[in-house]
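Everything on this sheet refers to the single structure shown next.
One-based numbering along the sequence shown.
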Amino acid sequence: MPEQDSVEQALTGGQPQRVGWFRFYFADERWEWSDEVQVLHGYQPGTVTPTTDLVLSHKHPADYQQVAATLDEVRRSHQTFSTRHRIIDTHGDIHEVVVIGDQLKDDSGQLVGTHGFYVDVTPTPEMTKALVTAALSEITENRASIEQIKGMLMLIYRVNADTAFELLRWRSQETNVKVRLLAERLLSEYTELAYEELLPPRATFDHLLLTAHERIEADGDTVGR
């Protein structure tokens, strides 16, 4: 539907500034940060080469041990992880972030590190609520799945509605999969998880979020915006 496609393009257009990716290679402790993550830490893009010491130096003192322990566990177990903590940028400003990581494999399938993304969940007045609300109001038949998965992301990662949609929008842009398709797949996979009284470990949700696009493409669904 042309009108719907145009709304989808408007909805996913532009680069969200509150989300960015990272990679960490086990063999040589090498880090890579996207421009957004560099800016989040207070650096101009291209002016810093992150190291483990630099990454940890930006952690809030009250959260340092938690993050260091998580990093040690990732090195040991090579498993999916997620953490919520505070960082201090080069200007002394404090940011609350959610960091989610999954296994990073090379072209041969060999496990070489971890990769994932930072989400800046620090409350600010410059949230994208107006744009998101206006765009979503025009998506009629697809709105339900998007709203439902937003609610799930809010519950899983303890973020507000704007940040939940920003996260969904960013994954759409990074993977070149329509927001609607991504929302529908995640909604289906999240609701199919088997559990009784307690929710599954958050790592289960992390992995599905980071890999949903692979299963969409494998099924041959339409991609692109």
Side-chain angles (χ1 to χ4, degrees), residues 1-21 36 80-82 84 97-102 115-121 123 126-225:
M1 191 178 298
E3 180 180 353
Q4 199 167 69
D5 286 344
S6 66
V7 173
E8 185 95 31
Q9 290 172 358
L11 200 125
T12 57
Q15 181 73 10
Q17 296 301 307
R18 296 172 64 83
V19 185
W21 57 262
E36 293 80 13
T80 298
F81 74 93
S82 61
R84 184 176 181 130
V97 297
V98 171
V99 182
I100 301 170
D102 197 9
H115 69 140
F117 52 89
Y118 281 72
V119 187
D120 184 357
V121 297
E126 294 83 16
M127 299 298 288
T128 57
K129 184 174 183 179
L131 173 62
V132 171
T133 301
L136 285 178
S137 67
E138 297 191 29
I139 302 179
T140 53
E141 63 185 273
N142 300 324
R143 187 174 183 179
S145 60
I146 292 175
E147 289 297 321
Q148 288 181 64
I149 198 61
K150 276 175 55 183
M152 289 185 176
L153 293 173
M154 291 168 65
L155 174 64
I156 294 164
Y157 297 113
R158 294 184 296 135
V159 298
N160 61 26
D162 294 323
T163 301
F165 183 78
E166 183 102 335
L167 179 54
L168 183 65
R169 183 171 78 105
W170 180 78
R171 288 306 297 159
S172 167
Q173 186 173 47
E174 285 289 299
T175 61
N176 198 34
V177 174
K178 288 185 178 182
V179 168
R180 173 182 59 82
L181 293 176
L182 190 59
E184 290 175 350
R185 174 56 64 117
L186 286 171
L187 184 61
S188 172
E189 294 185 344
Y190 281 4
T191 54
E192 287 175 0
L193 290 173
Y195 64 94
E196 294 182 1
E197 294 183 3
L198 297 177
L199 287 173
R202 192 162 63 182
T204 301
F205 296 103
D206 300 341
H207 179 73
L208 292 177
L209 177 63
L210 287 168
T211 59
H213 66 285
E214 297 173 357
R215 293 179 292 282
I216 292 173
E217 294 169 354
D219 290 345
D221 288 343
T222 303
V223 297
R225 292 185 292 280

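At a threshold of 4.5 Å between non-hydrogen side-chain atoms, the residues Leu186 and Leu168 count as touching. Counting only heavy atoms from C-beta outward, the side chains of Tyr190 and Leu209 approach each other to under 4.5 Å. With contacts defined as side-chain heavy-atom distances shorter than 4.5 Å, the pair Leu155/Phe205 does not qualify. The closest side-chain heavy-atom distance from Met152 to Ile149 is below 4.5 Å. Looking at Val19 and Glu36, their side chains never come closer than 4.5 Å, going by heavy atoms from C-beta outward.
In this structure, Thr204 has no side chain to side chain donor-acceptor pair (under 3.5 Å) partners at least two apart in sequence or on a different chain. By the ring-ring contact (aromatic ring centres under 6.0 Å, His included) test, Phe117 is found to be paired with Trp170, residues two or more places apart in sequence or in another chain being considered. By the side-chain contact (heavy atoms from CB on, under 4.5 Å) test, Arg158 is found to be paired with Arg84, residues two or more places apart in sequence or in another chain being considered. Thr211 pairs by the side-chain contact (heavy atoms from CB on, under 4.5 Å) definition with Asp102, His207, Glu214, Arg215, not counting sequence neighbours. Not counting sequence neighbours, Arg171 has no partner by the salt bridge (charged side-chain N to carboxylate O under 4.0 Å, His left out) test.
To the nearest 0.5 Å, the span separating CG on Leu187 from CD on Gln148 amounts to 5.0 Å. Between atom CG of residue Leu181 and atom CG of residue Asp219 there is a gap of 10.5 Å, rounded to the nearest 0.5 Å. Separation of atoms CD (Glu174) and CG (Asn176) is listed at 10.5 Å; rounding is to 0.5 Å. Here the straight-line distance linking atom CZ of Arg185 with atom NZ of Lys178 works out to 15.5 Å at 0.5 Å rounding. With rounding to the nearest 0.5 angstrom, the NZ atom of Lys150 is 7.0 Å from the CG atom of Asp162.
Contact between Ala183 and Ser145 at its shortest, heavy atoms only, is CB-O, 4.0 Å. Nearest heavy atoms, Ala164 versus Val159: N-CG2, 3.9 Å. In plain terms, the two heavy atoms of Glu217 and Thr175 that are nearest each other are OE2-O, 3.8 Å. Val177 and Ser172 make their closest contact through O-OG, 2.6 Å (heavy atoms, listed as atom of the first residue, atom of the second, distance).
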Fill in: Stepwise side chain to side chain contact (heavy atoms under 4.5 Å, CB included) check, Phe165 with Ile146
CA-CA 8 Å; Phe165 183 78; Ile146 292 175; 4.0 Å; yes
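Partner of Tyr157 under the side chain to side chain contact (heavy atoms under 4.5 Å, CB included) criterion, out of Val119, Thr163, Val121, Val98: Val98 alone.
Between the side chains of Ser82 and Asp206, at least one donor N or O sits under 3.5 Å from an acceptor N or O.
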